[in-house]
Number of protein chains: 2
Amino acid sequence: MTIMPAHSHLEDAAADTGAAVDIGPLSGLIGYALRRAQLAVLGDLGRCFAEQDIRPTQFAALVVLARNPGLRAGQVALALGMRRANFVPLLDGLEARGLAERGRAKDDRRASALFLTEAGAAMLARLEPLLAGHEAKFAARLGPDGRCQLMGLLHRIGDAAFDPG
Amino acid sequence: MTIMPAHSHLEDAAADTGAAVDIGPLSGLIGYALRRAQLAVLGDLGRCFAEQDIRPTQFAALVVLARNPGLRAGQVALALGMRRANFVPLLDGLEARGLAERGRAKDDRRASALFLTEAGAAMLARLEPLLAGHEAKFAARLGPDGRCQLMGLLHRIGDAAFDPG
DNA sequence: TATTGTTATACTCTATAACTATA
DNA sequence: TATAGTTATAGAGTATAACAATA
């Protein structure tokens, strides 16, 4: 893979006005392709959830709370791949809208015990068809086999532990 | 795909202290897998380029300038998928370090003509082996066939046009 | 009037350090 | 002393609006 242009002489440079831009080796990089794909998918999910005023990360937090009632805030943050400090305003927003609530753990009075409210569960129920539509959109582009292959390949990449502290 | 937990009764909630967190349907979502993979790859590229104090986006700009000498700023920004306004500080940083330079187009005195300096070309030459090492790391996890499959699948997702304006 | 580069600004996401109250 | 949640803050990334020079 060569990065430098075929003609390195700046004197014969053309403004390339109107012509397509040559991105060179970028198009062959895994990270570049990942970035483009992730922008497309995350942007679409954001638009699908916009009618409920829910961001993808908020949705992920609601799902984790639904599946793990009473979980500590730090555990949720870890599961979402974010710092404990950055989870605070996210949870503040969910609690202010009555979608989640903060309790206190019985055995450890420092720790919190987070729960989804009924409104939060209802929100998840409204998000479910929106999520299904979003997912189906991209599954259709990939085909059943393609989607399965992609998930396996992405897991091989992403399963390299990343510890946000 | 069901989002709600099997047991919705908050009364029998367990703190799950120590146990693995159940992320439910998130693990099956294309967007979630993409996010994890992209964090792993982009983070690794950032660490590989850290010794040269170059960020992935700066690298991409250098590559585009190398392959398209004399290109306008707005064209570079478009190729990088960012707004013209946000490209200004990025280019400022490259110019301040002597890696790129701003010229003026001959035919249109509003437009700029951007060039890589010799120092910029030397920087790209130093980055090339770092990039190769990074790319090989993930290619090894995927295998030749896996890497080829992944690139094709990611292009099928990311080729949905996104216009940053 | 429209466009190029630019400035200013704001909002999100992310990262670090330090505080509090518990343990 | 160590930990959980929190606060404050700073840095990137990204968004819009508007301005001066030029077309």
Side-chain angles (χ1 to χ4, degrees), chain A residues 15-18 35-36 38-40 42-43 45-47 49-50 53-61 70-96 100-114 162-165, chain B residues 15-18 35-36 38-40 42-43 45-47 49-50 53-61 70-78 80-95 100-114 162-165:
Chain A
D16 282 301
T17 44
R35 185 177 115 95
R36 303 277 301 198
Q38 210 237 353
L39 281 174
L42 206 72
L45 187 62
R47 285 186 294 274
F49 284 171
D53 195 21
I54 289 289
R55 296 168 192 288
T57 309
Q58 291 177 311
F59 164 72
L71 202 62
R72 297 180 176 198
Q75 297 288 312
V76 179
L78 184 66
L80 299 180
M82 59 192 306
R83 312 266 167 162
R84 293 193 308 271
N86 296 329
F87 180 64
V88 175
L90 173 64
L91 183 58
D92 286 344
L94 295 178
E95 196 174 32
E101 55 187 5
R102 278 183 243 238
R104 280 288 145 188
K106 307 157 202 157
D107 55 329
D108 187 339
R109 283 166 50 198
R110 294 172 303 179
S112 59
L114 305 184
F162 73 100
D163 187 322
Chain B
D16 281 303
T17 45
R35 186 178 115 94
R36 302 278 301 201
Q38 210 236 354
L39 281 174
L42 206 72
L45 186 62
R47 285 188 294 273
F49 284 171
D53 196 22
I54 289 288
R55 296 170 194 287
T57 309
Q58 291 177 311
F59 164 71
L71 202 62
R72 296 179 177 198
Q75 297 288 311
V76 179
L78 183 66
L80 299 181
M82 60 193 304
R83 313 267 167 160
R84 293 192 311 272
N86 296 329
F87 181 62
V88 174
L90 173 64
L91 183 58
D92 286 343
L94 295 178
E95 197 174 32
E101 56 186 4
R102 279 182 243 238
R104 279 290 146 188
K106 307 156 203 157
D107 55 329
D108 187 338
R109 284 166 51 198
R110 294 173 302 180
S112 59
L114 305 184
F162 74 102
D163 187 323

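All values derive from a computational prediction rather than experimental measurement. Each chain gets a letter, A, B and so on, in the order the sequences are listed, and its residues count up from 1.
- B:Asp108 comes within 4.0 angstrom of the backbone, heavy atoms only, and of no base.
- Between the side chain of A:Arg110 and the base of D:dT3, at least one donor-acceptor pair of N or O atoms lies under 3.5 Å.
- Atoms CG and CG, on B:Leu90 and B:Leu94 in that order, are 5.0 Å from each other to the nearest 0.5 Å.
- Picking from D:dG5, C:dG5, C:dA8 the nucleotide with the shortest atom distance to the side chain of A:Arg104 gives D:dG5.
- If you measure from atom CG of A:Leu39 to atom P of D:dG13, you get 13 Å, rounded to the nearest angstrom.
- Among the nucleotides D:dG5, D:dT7, C:dG5, the one closest to the side chain of A:Arg84 is D:dG5.
- Residue B:Arg55 places at least one side-chain N or O under 4.0 Å from the OP1 or OP2 atom of D:dA12.
- Contact of the B:Phe87 side chain with the B:Thr57 side chain is not registered, since no non-hydrogen atoms from C-beta on lie closer than 4.5 Å.
- In this structure, CD of B:Gln38 is placed 15 Å from P of C:dC13, rounded to the nearest angstrom.
- A 4.5 Å side-chain heavy-atom check between A:Leu71 and A:Val76 finds at least one atom pair inside the cut-off.
- Rounded to an integer number of Å, the gap from CZ of B:Arg83 to P of C:dG5 is 16 Å.
- The CE atom of B:Met82 sits 15 Å away from the C1' atom of D:dT16 (whole-angstrom rounding).
- Within the 4.5 Å cutoff, the side chain of A:Arg104 has no heavy atoms near those of the A:Arg109 side chain.
- The residue among B:Thr57 and A:Ala73 whose nearest nucleotide of DNA chain D lies closer to the 5′ end is A:Ala73.
- Whole-Å rounding puts the B:Leu80 CG to D:dG13 P distance at 12 Å.
- Distance CG (A:Asn86) to C1' (D:dT9): 11 Å, rounded to an integer number of Å.
- Nearer the 5' end of DNA chain D, as judged by each residue's closest nucleotide, is the contact made by A:Ala111, out of A:Pro89 and A:Ala111.
- Using a 4.0 Å cut-off, some side-chain N or O of A:Arg102 falls inside it from OP1 or OP2 of D:dT6.
- Taking the side chain as every heavy atom from C-beta outward, B:Arg55 and B:Gln58 approach each other to under 4.5 Å.
- The interatomic distance linking A:Phe87 (CZ) with D:dT6 (P) rounds to 9 Å, in whole Å.
- Of the candidates C:dT7, D:dA4, C:dA17, the closest approach to any side-chain atom of A:Ala85 belongs to C:dA17.
- Dashed line: the shortest gap from a side-chain N or O of A:Ser112 to OP1 or OP2 of D:dA4 is not under 4.0 Å.
- We find that CG of B:Leu42 is positioned 16 Å from C1' of C:dA15, with the value rounded to whole Å.
- With hydrogens and angles left out, the side chain of A:Arg109 and the base of C:dT22 share no donor-acceptor pair within 3.5 Å.
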